[in-house]
Amino acid sequence: MDAKQQFAQKILPWYHTHARALPWRGTSDPYVVWISEIMAQQTRIHTVIPYFERWMQRFPTLESLANAGLQDVLSAWEGLGYYSRARNLWTAAVSVVHDLDGVLPHSRAELERIQGIGRYTAAAIASIAFGEREPVLDGNVKRVLARVFDIATPIGTPQGERELWSLAETLIPTGQPGDYNQAVMELGAMVCTPRSPDCPNCPLQTICLACELGIQAQRPVKNPRPKVPTYTVTAAIFERKGKVLIARRPNRGLLGGMWEFPGGKVEEGESLQQGLVREIMEELNAGIHVCDLFGEYRHAYTHFKVHLYAFFANLNSSEPVPLEASEIRWVSRAELKDYPMGKIDRSISNDLVSQNGLS
DNA sequence: TAATCGTGGTG
DNA sequence: TCACCAAGATT
């Protein structure tokens with residue numbers, strides 16, 4: 001028997017004795033599988049669990065999600081990141097209820113037509129919820145396959161992806177495809193980890209080429225990431241009658257649909273104050289006077305870093321209008337918590353509520 | 001196709 | 001401190 005045949009035979013029994021008891025396991029409810037898979041995209045399971053539990057309390061069914069408002073959905077997602085996942089989930093729930101009678105399709109091909117469901121998630125739902133024989137390929141599976149079969153093609157490249165998907169298709173067994181898929185991912189998360197894999201306790205040790213060659217640390221091969229730039233950014237805190245001004249970002253792009261304190265990037269050769277004045281004119285068509293610095297905030301996104309300076313500021317005579325924002329609103333400090341925000345603006349918001357600013 | 005899209009844990 | 005990277009999808 002070759003290594004490919006032994007792969008599933010060795011990993012399935014291991015999974016049945018070592019699987020973690022995750023809150024979405026033990027059911028094949030397609031809605032539950034769907035939510036858990038979307039939440040788990042690019043996110044550690046440990047982080048997902050409390051969000052999943054709260055989500056199921058708040059949106060226990062597909063219908064309840066479809067009937068909810070996007071702002072409530074984004075609030076439930078706040079802190080998980082990649083907010084297009086929440087927007088797509090909500091959009092998809094509405095269309096499944098309206099167009100598909102509230103029933104998720106069973107096949108991978110049909111699932112892939114739903115907003116936010118790509119090949120991985122479609123295969124995960126099809127196999128776990130419906131028992132379809134479809135392999136998954138996520139970061140864990142890529143790492144396990146690259147090591148066991150000594151794949152030197154860089155992952156993340158089109159060739160590498162094709163090669164690994166093809167290999168994955170040759171490995172999935174006829175029976176228990178859902179358990180098998182979860183088994184490979186579980187092994188990647190718990191044993192075949194990126195650094196210091198626990199090879200002595202791996203059920204695949206006897207067939208793993210990387211282990212035999214001692215090159216676990218060199219698999220998978222990955223292309224280096226470019227360095228990320230740092231942007232200087234400003235934000236304005238306007239106060240009026242005990243309320244502060246916040247703006248909602250457009251429903252696409254970075255932090256789409258989330259609320260923020262208005263401001264933006266400072267350009268080369270501009271002072272912080274000049275940059276803020278320009279940004280508020282562009283965003284809100286309003287002239288302002290920049291007052292004291294409220295606080296400094298640093299945050300790292302995937303492709304850049306931000307050093308943000310938040311200032312108290314006063315509006316001149318003109319009334320602000322949402323030019324770039326989709327909506328603006330004056331809210332009391334106590335109400336800020338009801339508006340979904342990214343991490344930096346939530347920090348500003350929290351500091352504002354507890355008056356932890358510099359001034 | 002390559003770039004974009006968050007946040008938190010980890011070594 | 002910082003690079004890496006995690007149950008990827010979209011445009």
Side-chain angles (χ1 to χ4, degrees), chain A residues 15 19-20 22-25 32-52 74 77-89 91-92 111-125 127-129 134-144 155-159 161-162 164-165 168 178 180-190 192-197 217 220 222-230 249-258 260 298-306 340-347:
Chain A
Y15 179 69
R20 288 170 292 179
L22 303 179
W24 49 86
R25 285 186 175 157
V32 171
V33 175
W34 184 17
I35 299 302
S36 68
E37 290 300 337
I38 299 295
M39 281 192 174
Q41 288 171 5
Q42 299 291 288
T43 310
R44 293 172 191 279
I45 297 305
H46 178 259
T47 302
V48 169
I49 291 173
Y51 281 89
F52 175 85
L74 287 172
W77 205 271
E78 181 180 317
L80 261 186
Y82 285 150
Y83 297 94
S84 64
R85 294 183 294 170
R87 299 194 306 271
N88 289 338
L89 203 42
T91 302
L111 286 163
E112 275 190 72
R113 299 164 68 181
I114 294 173
Q115 192 67 224
I117 298 182
R119 181 167 182 184
Y120 162 81
T121 305
I125 297 172
S127 63
I128 297 169
E134 293 283 355
V136 297
L137 187 68
D138 74 330
N140 290 309
V141 181
K142 290 174 187 174
R143 186 170 56 256
V144 171
I155 64 171
T157 64
Q159 307 95 305
E161 298 293 307
R162 277 198 303 273
L164 287 168
W165 272 111
Y180 165 81
N181 280 332
Q182 294 182 82
V184 188
M185 292 190 282
E186 190 83 351
L187 187 78
M190 307 303 294
C192 193
T193 50
R195 281 165 295 197
S196 340
K222 307 195 78 170
N223 288 331
R225 294 187 178 186
K227 278 194 170 179
V228 298
T230 297
R249 299 171 65 93
N251 273 335
R252 50 181 64 246
L254 185 72
L255 299 169
M258 307 292 275
E260 67 178 4
R298 292 176 181 276
H299 186 65
Y301 295 90
T302 305
H303 293 280
F304 59 92
K305 297 176 183 177
V306 159
M341 295 179 181
K343 199 197 168 196
I344 288 191
D345 289 281
R346 181 56 68 201
S347 293

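As a basis for the values below, the full set of heavy atoms in this structure was taken, side chains included, without hydrogen atoms, waters or symmetry mates. Below, chains carry the letters A, B, ... as their sequence lines are ordered, and counting in each starts from 1.
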Nearest-angstrom distance from the residue atom CG of L254(A) to P of dG6(B): 5 Å

With T43(A), which residues qualify under side-chain hydrogen bond (donor to acceptor under 3.5 Å, both in side chains), at least two apart? R85(A)

Counting the benzene-type ring for Trp, do H303(A) and Y301(A) have ring centres under 6.0 Å apart? no

What residues, two or more places apart in sequence or in another chain, satisfy side-chain hydrogen bond (donor to acceptor under 3.5 Å, both in side chains) together with E78(A)? R346(A)

Exercise: identify the closest heavy-atom pair between R143(A) and A189(A): NH2-N, 4.3 Å

May I have the distance from Y51(A) (atom OH) to dG9(B) (atom P), rounded to whole angstrom? 10 Å

Need one value for G256(A): base, sugar-phosphate or nothing, where a base atom within 4.0 Å counts as base even if backbone is also close, heavy atoms only. nothing

Return all side-chain donor-acceptor pairs below 3.5 angstrom for residues 223-230 of chain A, not counting sequence neighbours, or 'none' if the list is empty.
none

Would you mind reading off the distance between E161(A) atom CD and dT1(B) atom P, rounded to a whole angstrom? 11 Å

To the nearest angstrom, the CG-C1' distance between N223(A) and dA3(B) comes to 15 Å

Report the residues that fulfil ring pair (Phe, Tyr, Trp, His ring centres under 6.0 Å) with W24(A), sequence neighbours left out, ordered by chain and then residue number. F52(A)

Taking side chain to side chain contact (heavy atoms under 4.5 Å, CB included) as the test, write out the residues that go with S347(A), two or more places apart. Y297(A)

Between dT7(B) (P) and D345(A) (CG): distance, integer Å: 9 Å

Atom CG of L80(A) to atom P of dC5(B): distance rounded to whole Å? 18 Å

Pairwise 5' ranking along DNA chain B for S196(A) and H299(A), keeping only the more 5' one: H299(A)

Please determine whether a side-chain nitrogen or oxygen atom of H303(A) lies at a distance below 4.0 Å from atom OP1 or OP2 of dC5(B). no

Given atom CH2 of W77(A) and atom C1' of dT7(B), what is their separation to the nearest angstrom? 13 Å

Rounding to the closest angstrom, what is the interatomic distance between dA7(C) and dG11(B) at atom C1'? 22 Å

Under 4.0 Å protein heavy-atom contact, by nucleotide of nucleotides 3-10 of chain C - B base, S sugar-phosphate only: S-BBBBSS

